[in-house]
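Below is one structure; the comments refer to it alone.
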Amino acid sequence: MSSFAQKLVKWHQNYGRRGLPWQGVRDPYKVWLSEIMLQQTQVATVIDRYQLFLSKFPTVNALAQAPLDDVMALWAGLGYYTRARNLHACAKIIASEFNGKFPEEPETLNKLPGIGKSTARAIAAFCFNHSASILDANVQRLIARVYGIEGSLKTSSENKKLWDLADQLVPKEAALMPIYTQALMDFGATVCKPTAPICQNQVVNNCVYSADCIAFKNGLVMQIPLKIKKSPSKIVVSEMLLILSQDEILLEKRPSSGIWGGLWTLPETPWVEVKSENEVSNTSFQLEQFQPVVTFTNQSIYDEAKILAPLKHVFTHRTLYFSTKVVRVQKNMVKCNQSCDWVKKSDLGHLGLPTPIKKLLADFQVLKRVD
DNA sequence: CTCCGGGACT
DNA sequence: AGTCCCGGAG
């Protein structure tokens, strides 16, 4: 075994994370689900949702047969909703084309929707002892530091270098692949962290790679991996309508792609870009901007509605400010198109709602708080 | 409050 | 290179 893998596995025996519900699991369905959830999402957030998801959809066939809306509802709040749509699409393919059994080769897994190269290898390693390395952000950071790779990890040459190194470091015994792969993830998450890695602690630096790590020996740990400047996010403004009639609320189903794709939101105007935060409060909207989705039989219903102060929500590279008009109506005072539906307040829990909308409805006591 | 981290897809 | 969200850290 390479000394790298040896050290890592030994470290994991003593200090690896314990008690996570997907650890030690070899069932490809469960491993796949956990890996997709853990993409871009922290462990603490995933734990409960993973259990909930499995209790609702115990098998890949159960997931494949579920309506997409049910899957979206269960995913709501996790973010990156393309993952949920791909998850459902992938389950259908596994059920129909693979007889409900996940393929074992990373190359085959990688062709399925939502399963990239690294996730494919994680599934293959955990479930089938496949001897190929994962390369998620944790592993990239670890290898880049140990080998002192100072340039951008995004360039194709540096990226290839990382994959090559990662594969060279894999243990020879295939039976060690599950534990080694888990160890890679744990080490990046708890020792070779993006901020405050263990080796930067002046008192106790017990990192097993300190003697080998080029970044550590050259004092470059915090410079690696090179952080790319992100382009400033645009500021957009919108207005939403909280339309209530008795125990029902009017919601709009968003198109399946784009922001909050496939989720249910309040009817809203198109998002208007403004140049600075100052312009947010003096951006005004008109009833016509809700067409063709929603209109009222009487203009005054809109004009006289109470308006709530703008709320802020930050995306990767959009910052949204949305104000909300609250309208209480009879249903026949509203005209809406196909993308809208009246939903009973008691049914809101079954729908996929974006986090800020959920929060707004909870604050407005339309939706009962879940936490 | 602001900032930052984290894969797949196009 | 740009598009997708959220929660935790600071």
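Just so you know, these numbers come straight off a predicted model, no measurement behind them. Excluded from the calculations below are hydrogen atoms, water molecules and symmetry mates; all remaining heavy atoms, backbone and side chain alike, are included. So that the names make sense, note that chain A is the first sequence line, chain B the second, and so on, each numbered from 1.
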* Atom pair distance, as rounded to whole Å: CZ in A/Arg141 and C1' in B/dC4 -> 12 Å
* **Between C/dC6 (P) and A/Lys358 (NZ): distance, integer Å** => 10 Å
* Distance-only donor-acceptor check, side chains A/Asn61 and A/Thr59, under 3.5 Å -> no
* To do: Would you indicate which nucleotide in B/dG6, C/dC5, B/dA8 comes nearest to any side-chain atom of A/Thr119?
  => B/dA8
* Please examine the side chains of A/Ile134 and A/Met185, heavy atoms only from C-beta on, and report whether any two atoms are closer than 4.5 Å. => yes
* **Candidates B/dT2, B/dG5, B/dG7 - which lies nearest the side chain of A/Tyr80** => B/dG7
* Rounded to whole angstrom units, what separation is found between the CG atom of A/Asn159 and the P atom of C/dA1? -> 13 Å
* Counting any heavy atom closer than 4.0 Å, what does A/Lys193 reach on the DNA or RNA strands: base, sugar-phosphate only, or nothing? -> nothing
* Upstream residue (5' side of DNA chain C) when A/Gly258 and A/Lys154 are each assigned their closest nucleotide -> A/Lys154
* **Between C/dG7 (P) and A/Ile47 (CD1): distance, integer Å** => 15 Å
* Grab the CD-C1' distance between A/Gln42 and C/dG7 for me, whole Å please. => 6 Å
* Compare the minimum distances between each of B/dA8, B/dG6, C/dC6 and the side chain of A/Thr355, then state the nucleotide with the smallest one. => C/dC6
* Could you check A/Phe57 against A/Tyr29 for ring pair (Phe, Tyr, Trp, His ring centres under 6.0 Å), going step by step and ending with a plain yes or no? => CA-CA 10 Å; A/Phe57 308 121; A/Tyr29 171 62; 8.7 Å; no
* For A/Leu153 and B/dG6, give me the distance from atom CG to atom P, rounded to whole Å. => 12 Å
* Structure fact -> Closest to the side chain of A/Pro194, out of B/dG5, C/dC5, C/dG8, is B/dG5
* Return the value, rounded to whole Å, for the distance between atom CH2 of A/Trp75 and atom P of B/dA8. => 12 Å
* Using a heavy-atom cut-off of under 4.0 Å over every strand shown, decide if A/Ile115 touches base, sugar-phosphate, or nothing. => sugar-phosphate
* Please determine, for the side chain of A/His313, which listed nucleotide (B/dG6, C/dC4, C/dC6) has the closest atom? => C/dC6
* Asked: A/Arg85 near the nucleic acid: base, sugar-phosphate alone, or nothing, with a heavy-atom cut-off under 4.0 Å?
  -> nothing
* Which nucleotide in the list C/dG8, C/dC6, B/dG7 gets nearest to the side chain of A/Trp260? -> C/dC6
* Using a 4.0 Å heavy-atom cut-off across all strands, classify A/Pro225 as base, sugar-phosphate, or nothing. => nothing
* Atom CG of A/Leu226 and atom P of B/dC4: how far apart are they, to the nearest Å? -> 14 Å
* Structure fact -> Taking C/dG7, C/dC5, B/dG7 as options, the one with an atom nearest any side-chain atom of A/Thr45 is C/dG7
* Want to settle it: does A/Gly114 or A/Gln40 sit nearer the 5' end of DNA chain B, counting the closest nucleotide to each? -> A/Gln40
* Decide if the gap between the ring center of A/Tyr209 and the ring center of A/Phe187 is smaller than 6.0 angstrom. => yes
* Asked: Which of the following nucleotides, C/dC5, C/dG10, B/dA8, is nearest to the side chain of A/Thr195?
  -> C/dG10
* In a check of side chain to side chain contact (heavy atoms under 4.5 Å, CB included) between A/Ile149 and each of A/Ile224, A/Ile214, A/Leu165, A/Leu226, which one passes? -> A/Leu165
* Is there a side-chain polar atom (N or O) of A/Asn86 under 4.0 Å from OP1 or OP2 of B/dA8? -> no
* **Ring centroid separation A/Trp32 to A/Phe102 under 6.0 Å** => yes
* Asked: If you check the A/Ile259 side chain, which of C/dC4, C/dC6, B/dA8 turns out closest?
  -> C/dC4
